[in-house]
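Just so you know, these numbers come straight off a predicted model, no measurement behind them.
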Amino acid sequence: MWASAAARLTPVYSVAIIFFSQLSQLITIFINNRFEPYIQYYPLILTAMAVGVLGGLIGSKLNKKLSNKVITKVFSVTLAFVAIVNIYNAVTGFTA
């Protein structure tokens with residue numbers, strides 16, 4: 001029972017950690033008035049924000065509807081995918 005509850009709460013905690021770590025960076029940029037280098041990325045930033053909110057809404061609905069087994073499997077596959085991408089980035093970053 002505890003593992004199934006953990007599988008449902010892990011994405012929530014993960015999003016909260018990412019949110020607060022990025023929020024501190026945004027506050028630093030705001031305080032130091034360092035927005036100029038990011039102006040060219042505003043459309044991408046706004047799109048990423050919209051997609052993030054939409055993904056959160058869809059994920060919340062799926063979290064309520066799917067079984068614990070499916071949620072655990074989706075989480076495991078997603079984590080494996082992220083690990084593979086990170087390994088790829090590390091290898092190509094060191095050889096480039």
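Taking NZ of Lys61 as the start and CG of Asn63 as the end, the distance is 12.5 Å to the nearest 0.5 Å. Here Gln40 contributes atom CD and Ile45 contributes atom CD1; the two are 9.5 Å apart, rounded to the nearest 0.5 Å. The distance from atom CD1 of Ile18 to atom CG of Leu23, rounded to the nearest 0.5 Å, is 13.5 Å.
Taking hydrophobic clusters as Ile, Leu, Val, Met, Phe, Trp and Tyr residues chained together by side-chain heavy-atom distances below 4.5 Å, Met49 does not share a cluster with Leu57. Connection of Ile39 to Leu46 is established within a shared hydrophobic cluster, with ILVMFWY side chains joined at heavy-atom distances below 4.5 Å, either directly or through further cluster members. Under a hydrophobic clustering in which Ile, Leu, Val, Met, Phe, Trp and Tyr are joined whenever their side-chain heavy atoms come within less than 4.5 Å, directly or via other members, Phe20 and Leu26 fall into different clusters. Both Leu62 and Leu54 belong to a common hydrophobic cluster when Ile, Leu, Val, Met, Phe, Trp and Tyr are linked at side-chain heavy-atom distances under 4.5 angstrom.
Minimum heavy-atom separation, Ile71 to Leu66: CD1-O, 3.8 Å.
Residue Phe75 is tested with Leu79, Thr72, Thr78 for a side-chain contact (heavy atoms from CB on, under 4.5 Å); the sole match is Leu79.
Contact annotation: the side chain of Phe81 approaches that of Val85 to within less than 4.5 Å [non-hydrogen atoms, C-beta and beyond].
When the shell of 6.0 Å around OH of Tyr42 is examined, it contains more than 12 heavy atoms from other residues, nucleotides or ligands.
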